[in-house]
Amino acid sequence: MKDRLIVALDLPSTAEAEAMTAQCGEVVSFYKIGLQLLPVGGMELSERLRRQGKKVFLDFKLHDIPTTVEKATRSIASRGGDLLTVHAEPPVMRAAVAGRGDDPDLKLLGVTVLTSYDDAMLTEMGYRMGARDLVMRRVEQALEAGMDGIVASPLEAAEIREKFGDGFLIVTPGIRPSWSSQDDQARAATPADALRNGATHLVVGRPVNAASDSADAARKILEEMGAA
Ligand code: C5P
């Protein structure tokens with residue numbers, strides 16, 4: 001289960017992130033570095049964690065013209081990483097697949113529809129389908145583009161598995177154990193439910209990174225995952 005729990009390092013500095021990874025020690029083996037840490041040493045932190053034997057999810061959500069996405073993905077692959085997100089639009093995903101080349105480590109994930117968007121916002125932006133239909137369409141397009149998986153809500157995972165089968169990664173944020181606060185995650189699921197719905201990896205942020213004892217919080221989540 002250890003390789004299926006990804007702890008989000010949503011912290012303001014690499015010093016604070018490393019204090020937490022040191023506290024978690026051997027309990028946590030996979031970390032997520034996002035846009036908050038990227039400009040303040042996130043890539044260097046990723047390299048240090050990988051040298052310690054940890055896996056790193058680079059949640060950079062690339063979205064640009066294809067040539068730029070291809071070059072950015074090549075640059076990121078040259079520094080090393082285990083998971084990288086790009087927005088799940090076909091030209092963006094095809095460019096990322098080309099840029100990754102034959103790097104055996106770096107797996108590519110499509111971000112289907114941001115969970116902060118609801119149907120009304122999609123209509124305002126000019127989309128003619130709601131979030132659920134757009135998620136399903138983009139999963140299909142991600143698989144066609146040669147992506148390794150997608151990021152989705154744990155509540156969407158079961159339907160995605162039913163429609164598209166088992167041969168790809170589903171990484172789900174929005175995880176809340178029963179003992180933790182919901183924070184701003186409106187559509188959260190417990191670790192056990194997310195796994196039962198077909199998630200391969202769970203991304204957990206505040207229940208671990210804001211806990212007074214992060215290692216203990218991660219241990220409790222791993223126990224819940226194991227029981228499922
Ligand atoms: O603290 P919490 O567990 O809510 O953190 C979840 C992490 O997953 C954050 O880094 C957040 O940016 C990310 N995420 C999310 N929902 C998405 C995509 C990413 O919560 N749809």
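Just so you know, ligand 1 is whichever comes first in the structure, and atom 1 is the first atom listed for that ligand.
Arg4 places no side-chain N or O within 3.5 Å of a backbone atom of Met225 that could act as its donor or acceptor partner. Without hydrogens or angle criteria, Thr200 side chain to Ile170 main chain gives a donor-acceptor distance under 3.5 Å. Of the possible polar contacts, none joining the Glu159 side chain to the Glu156 backbone as a donor-acceptor pair under 3.5 Å is found.
Remark: Arg161 qualifies as a cation-pi partner of Phe168 under the 6.0 Å distance and 45° angle criteria applied to the six-membered ring.
Ligand 1 lies under 4.0 Å from heavy atoms of Ala8, Asp10, Lys32, Lys61, Thr115, Pro173, Arg176, Gln185, Val203, Val204, Gly205, Arg206, Pro207.
Using a cut-off of 4.0 Å between Lys/Arg side-chain N and Asp/Glu carboxylate O, Asp105 and Arg50 are scored as salt-bridged.
Under the 4.5 Å side-chain heavy-atom criterion for Ile, Leu, Val, Met, Phe, Trp and Tyr, Leu169 and Leu108 are members of distinct hydrophobic clusters.
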